[in-house]
Amino acid sequence: MTFTELDSNIAHTGRRSLATRLVFALADCLDARITGIDLDDFEQLSGYNRTNIRAAASSLKDAGVIDIVYYRESSEGGNRTPLTESAGNRWAKQHYRLSEAVILLLHRA
């Protein structure tokens, strides 16, 4: 992926400022050696509406910019159970991370 392609993919979300903020937040996570950010945390950090975040994230995922990992938290000690997809499960939570293509573009490993 090139920076021009990344910019085009961000613009294609229809929510450029939100999508840019998510990509930049994920790049900051990598710099801090954190694999990504949860939807709840990004919502609180950014102030954006959850529905808009999910829509932008879905578009970025389809474009190969980010990966979305779904999980369920257990009530016992906050353990996470990874799910392959949300499968309509209203209790599934989203975790975002940059795709390998974007990590390589940013030269962060």
(request) Could you walk me through whether F3 and L106 pass the side-chain contact (heavy atoms from CB on, under 4.5 Å) test, one step at a time? (result) CA-CA 9 Å; F3 282 104; L106 299 175; 3.9 Å; yes

(message) Determine whether I103 and R97 satisfy the following criterion, side-chain contact (heavy atoms from CB on, under 4.5 Å), listing intermediate values before the conclusion.
(response) CA-CA 10 Å; I103 292 171; R97 58 185 178 208; over 6 Å; no

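Here the straight-line distance linking atom NE2 of H107 with atom CG of L30 works out to 13.5 Å at 0.5 Å rounding. Taking NE2 of H95 as the start and CD1 of I68 as the end, the distance is 11.0 Å to the nearest 0.5 Å. Taking CD1 of I53 as the reference point, atom OG of S58 lies at 13.5 Å (rounded to 0.5 Å).
Here the side chain of T13 pairs no donor or acceptor atom with the backbone of A56 at under 3.5 angstrom.
No side-chain heavy atom of L60 sits under 4.5 Å from any side-chain heavy atom of Y96. Two residues are said to be in side-chain contact when any heavy atoms from C-beta on lie closer than 4.5 Å; I66 and V102 fail this criterion. When side chains are defined from C-beta on, M1 counts as touching N9, because their heavy atoms get closer than 4.5 Å. Annotation: side chain of L45 is in contact with side chain of R21 (closest heavy-atom distance under 4.5 Å). Side-chain contact between L22 and L26: present, with at least one pair of heavy atoms (C-beta onward) separated by less than 4.5 Å.
Considering every non-hydrogen atom in both D67 and L98, the closest pair reads OD2-O, 3.9 Å. C29 and G36 make their closest contact through SG-O, 3.6 Å (heavy atoms, listed as atom of the first residue, atom of the second, distance). Heavy atoms only, all atoms of each residue included: G64 and S99 are closest at O-OG, 2.6 Å.
Scored by the side chain to side chain donor-acceptor pair (under 3.5 Å) test, S17 finds Y48 as partners (sequence neighbours excluded). Qualifying side chain to side chain donor-acceptor pair (under 3.5 Å) partners for E43, counting only residues two or more places apart in sequence or in other chains: R50. With sequence neighbours left out, the side chain to side chain donor-acceptor pair (under 3.5 Å) criterion links R16 to D7.
Using a cut-off of 4.0 Å between Lys/Arg side-chain N and Asp/Glu carboxylate O, K93 and D38 are scored as not salt-bridged.
Two different hydrophobic clusters hold I34 and F24 under the rule that ILVMFWY side chains link at heavy-atom gaps under 4.5 Å.
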